[in-house]
Protein chains: 2
Amino acid sequence: MSTQADPAHLLRQAGLRVTRPRLEVLAAVHRHPHAVTDEICAAARERLGTLSHQAVYDVLRALADAKLVRRIQPSGSVARYEARVGDNHHHLVCRVCGGIEDVDCAVGERPCLTASEDHGYLIDEAEVVFWGVCPGCLALDSASAVPWAPPATTHPSP
Amino acid sequence: MSTQADPAHLLRQAGLRVTRPRLEVLAAVHRHPHAVTDEICAAARERLGTLSHQAVYDVLRALADAKLVRRIQPSGSVARYEARVGDNHHHLVCRVCGGIEDVDCAVGERPCLTASEDHGYLIDEAEVVFWGVCPGCLALDSASAVPWAPPATTHPSP
DNA sequence: TCTCTAGTCTTGACTCATTCAAGATAACCT
DNA sequence: AGGTTATCTTGAATGAGTCAAGACTAGAGA
C-alpha cells in the first residue's frame, strides 16, 4: 500500500478490472484535461495501437461512475473529461473558442453554494461555469472586427 | 407604446420580423418552461396546425440570440428553453428524473459570482446548476430500493 | 499453473438531436 | 402595391452517443 495513486490500484479499489484500455484511457485523461471523447480515443490508440470507439465510451463511463474522472459538458459542447476529481473545482469557458480553464473553488467541498430555495431537493453539488472570452480571443477581437463568428451565443454587447 | 411586453413589439425591438411561427414559439416557451425543442414544436403546432422542425430550431436560435428566451442545457440533457430572462436566476436539476426548478439568484445581475482567478478572461456570466434529487424521487427512492436506474450519474453514496 | 466465467472489448448497425442546402413564401420598407 | 430579403418548408446529412451479439481476457478458484 505504498502507491495510493497507482492507476491500477485505483481501478481495483473501485471494483474495476485492470485492463490496458482502462489504464491508457485514464492516462490519456490525465495528459489531456478537458479533452473530448475522440481526442481521448486518439491518445489512447497511440499507445495501444488499436482501441474501439465503443470501448472508450464504456471505459469513460465506468471511470466516471467510479469517480476516477469527472465528466463535464458546458452548453453547446460535447462531453469532456478531466482527471482532477474530489476538489469540486469549477470552470471558465470561452464563448468564442470554447477553451476551458479550471478555477479553484473557495469552499472546496460539495456543495460549495447553498441555493436560496431548495424546493425540497436533496442537493449534493453546485456546478459553476463562468462564461466569458479568453485573453487570446479578446486580443483577436480588438485587433480585427469579427475574426470568426462566435459559435452560438454572441459576445456581451458594450 | 403602452404594452412594452407585447410579444410582437419585443420581436420588432430585437430587429426580428413578426411572424406567426415566432409568436407561437415564443408563447409556447412561456407556457412550458424548461421544455425541449420537440415539446415546443408540438405546442406551437397545436395552434398553427403545421410548423416545420427546422423553423422551430431557427426561431429558437433567433429568440435566444435576441435574449428573448434563454437556452439551458444541463449535462446529459438536450437543449431546453425558458422565457424567464434578464434576472440571471439559476437551476436545480434532479439527477433521477431530470426535473428542473428555477432558483432565484441572490445577486440578480450577471455575473453573480466572482471567480477566484480569472485567467485573463473577460467574464460576463456565472452559470450555476444545483444537482440533487427532487422530493418525488426521494420518496420513491426510500419506498422501493431502486425504482429506475439513475440516468448517468449515481446518487451520492452515504 | 490451469481452467472457468463474468466482466470487457470489437464490430457494425442504429438512434436522434441538430444542422445544411435549396427553393418557396411572406413581412416590411418605400 | 411591388420589390427585397428575411423567414419558412422540405428533404437530406452530420455526428455524438447507444444498442446488441459475439469474441476475448482478467482474475478467482481448483
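In what follows, every heavy atom counts, from backbone to side chain, and hydrogens, waters and symmetry copies are set aside. First the proteins, then the strands, lettered A, B, ... as listed; each starts at 1.
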J.: Quickly work out the A/Q13 CD to D/dG27 P distance and round it to whole Å.
T.: 14 Å
J.: Does a side-chain N-to-carboxylate-O contact under 4.0 Å join B/E125 and A/R95?
T.: yes
J.: On the nucleotide D/dA26, are OP1 or OP2 found under 4.0 Å from the side-chain N or O atoms that A/R20 carries?
T.: no
J.: A side-chain contact here means heavy atoms from C-beta on lying under 4.5 Å apart; do B/E82 and B/D102 qualify?
T.: yes
J.: Less than 4.5 Å apart, any side-chain heavy atom of A/Y81 and any of A/T37?
T.: yes
J.: Give the residues of residues 71-84 of chain B touching DNA chain C, defined as any heavy atom closer than 4.0 Å, sorted by residue number.
T.: B/V78, B/A79
J.: What's the spacing between A/S75 OG and B/R80 CZ if we round to 0.5 Å?
T.: 12.0 Å
J.: Please determine if A/R84 and A/D104 form a salt bridge, counting it only when a charged side-chain N lies under 4.0 Å from a carboxylate O.
T.: yes
J.: Go through the steps for B/R31 and B/E39 under the test salt bridge (Lys or Arg N to Asp or Glu O under 4.0 Å), then give the verdict.
T.: CA-CA 11 Å; B/R31 272 181 285 128; B/E39 292 162 352; over 6 Å; no
J.: So which nucleotide from C/dC9, D/dT18, C/dT19 ends up closest to the side chain of A/R22?
T.: C/dC9
J.: Is there a donor-acceptor pair under 3.5 Å between the side chain of B/R45 and the backbone N or O of B/L51?
T.: yes
J.: Return the nearest nucleotide to the side chain of A/P21; candidates are C/dC9, C/dA26, D/dG27.
T.: C/dC9
J.: Is any side-chain N or O of A/T19 closer than 4.0 Å to OP1 or OP2 of C/dC9?
T.: yes
J.: For A/R12, which contact category applies under a 4.0 Å heavy-atom criterion: base, sugar-phosphate, or nothing?
T.: sugar-phosphate
J.: Under 3.5 Å, is there a donor-acceptor pair between the B/H91 and B/H89 side chains?
T.: yes
J.: What bend angle does the helix from C/dT1-D/dA30 to C/dT30-D/dA1 show across its length, from five-pair end axes and to the nearest 10 degrees?
T.: 40°
J.: Could you state the atom-to-atom distance from CG of A/L16 to C1' of D/dT25 in whole Å?
T.: 16 Å
J.: Can any side-chain N or O of A/Q73 pair as donor or acceptor with the backbone N or O of B/G76 at less than 3.5 Å?
T.: yes
J.: Mind calculating the distance between CZ (A/R17) and P (D/dC24) to the nearest angstrom?
T.: 16 Å
J.: I'd like to check A/P135 versus B/Y121 (side-chain heavy atoms, cut-off strictly below 4.5 Å). Are they in contact?
T.: yes
J.: Tell me: CG of A/L11 to C1' of C/dT8, nearest whole Å?
T.: 13 Å
J.: What is the distance from CG of B/L60 to C1' of C/dT19, rounded to the nearest Å?
T.: 14 Å
J.: Counting only non-hydrogen atoms, which of residues 30-59 of chain B are less than 4.0 Å from DNA chain C?
T.: B/T37, B/H53, B/Q54, B/Y57
J.: Between the main-chain N or O of B/R17 and the side-chain N or O of B/R22, is there a donor-acceptor pair closer than 3.5 Å?
T.: yes
